[in-house]
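The next block holds one structure in the form of structure tokens; read it before the comments.
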Amino acid sequence: MAAENVYLFVQVRVKPGKFEQFIKLIEIHVADMRLEDGLITLELYKDVASGNICVWEVWRDRTSWDVHMANESSKAWQVVAANYVDGESITVMDEIPKN
């Protein structure tokens, strides 16, 4: 049985007055992430109602995502993001099979 993709929807609340700098920094982090083995897609959006940053990620499998979360780039990003993020939620989703 093949490993299943991991689908993530992340909502990030940016601290007041820090949005523009956060965007510059997350774009650098996203560029690094797009080079990681196992990342299929990663897109950034802004929720027009809340102003939250929304991140859509698809990983080849859970192992790829786990490696990403533990790598040095992610650890460094978590330290940087702490200065800009007021909270986040991560939703892990399953694909609905097509009939």
Side-chain angles (χ1 to χ4, degrees):
M1 182 174 169
E4 295 184 18
N5 291 347
V6 175
Y7 303 89
L8 304 171
F9 180 69
V10 183
Q11 294 187 69
V12 180
R13 288 185 314 277
V14 179
K15 292 178 180 179
K18 299 206 173 204
F19 184 84
E20 295 303 322
Q21 185 63 27
F22 177 80
I23 292 301
K24 290 177 186 176
L25 294 169
I26 198 170
E27 286 176 345
I28 294 167
H29 180 59
V30 164
D32 290 340
M33 285 179 65
R34 287 187 173 129
L35 300 175
E36 291 183 39
D37 182 47
L39 181 65
I40 296 171
T41 193
L42 189 156
E43 302 296 332
L44 295 175
Y45 302 93
K46 180 180 177 186
D47 182 323
V48 296
S50 69
N52 290 343
I53 299 300
C54 301
V55 185
W56 173 246
E57 299 176 40
V58 180
W59 292 87
R60 179 181 58 229
D61 51 33
R62 179 61 193 244
T63 300
S64 297
W65 181 39
D66 288 344
V67 167
H68 158 72
M69 292 303 292
N71 72 25
E72 292 305 314
S73 177
S74 288
K75 289 177 186 176
W77 170 249
Q78 292 168 11
V79 171
V80 170
N83 296 312
Y84 296 89
V85 174
D86 196 27
E88 73 177 7
S89 66
I90 301 174
T91 304
V92 180
M93 295 177 273
D94 284 331
E95 183 175 8
I96 297 174
K98 298 168 184 69
N99 292 323

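At distances below 3.5 Å, not a single donor-acceptor pair connects side-chain atoms of T41 with backbone N or O atoms of V58.
Clustering ILVMFWY residues whenever any of their side-chain heavy atoms sit less than 4.5 angstrom apart, transitively, puts I40 in a cluster other than the one holding M69. At a threshold of 4.5 Å between side-chain heavy atoms, the hydrophobic network of Ile, Leu, Val, Met, Phe, Trp and Tyr places V6 and W56 in two separate groups. Hydrophobic clustering of Ile, Leu, Val, Met, Phe, Trp and Tyr side chains at less than 4.5 Å, counting indirect connections, unites M33 with V55.
A distance of 10.0 Å separates CG of L39 from CZ of R60, quoted to the nearest 0.5 Å.
Listed by chain and residue number, I26, R34, L42, L44 satisfy the side-chain contact (heavy atoms from CB on, under 4.5 Å) test with V30 (two or more places apart in sequence, or in another chain). Remark: T63 engages no residue in a side chain to side chain donor-acceptor pair (under 3.5 Å) (not counting sequence neighbours). Residues satisfying the salt bridge (Lys or Arg N to Asp or Glu O under 4.0 Å) test with K75, not counting sequence neighbours, are E72. With sequence neighbours excluded, the residues that form a side chain to side chain donor-acceptor pair (under 3.5 Å) with D47 are S50.
Annotation: side chain to side chain donor-acceptor pair (under 3.5 Å) contacts involving residues 19-30, sequence neighbours excluded, are absent.
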Intermediate values then yes/no, side-chain contact (heavy atoms from CB on, under 4.5 Å), I23 and K46 | CA-CA 10 Å; I23 292 301; K46 180 180 177 186; over 6 Å; no

Check against side-chain contact (heavy atoms from CB on, under 4.5 Å), K15 and F22 = CA-CA 9 Å; K15 292 178 180 179; F22 177 80; over 6 Å; no

Residues 85-95 side chain polar contacts: donor-acceptor under 3.5 Å, at least two apart:
unit_1: E95; atom_1: OE1; unit_2: Y7; atom_2: OH; d: 2.8
unit_1: E95; atom_1: OE2; unit_2: K98; atom_2: NZ; d: 3.1

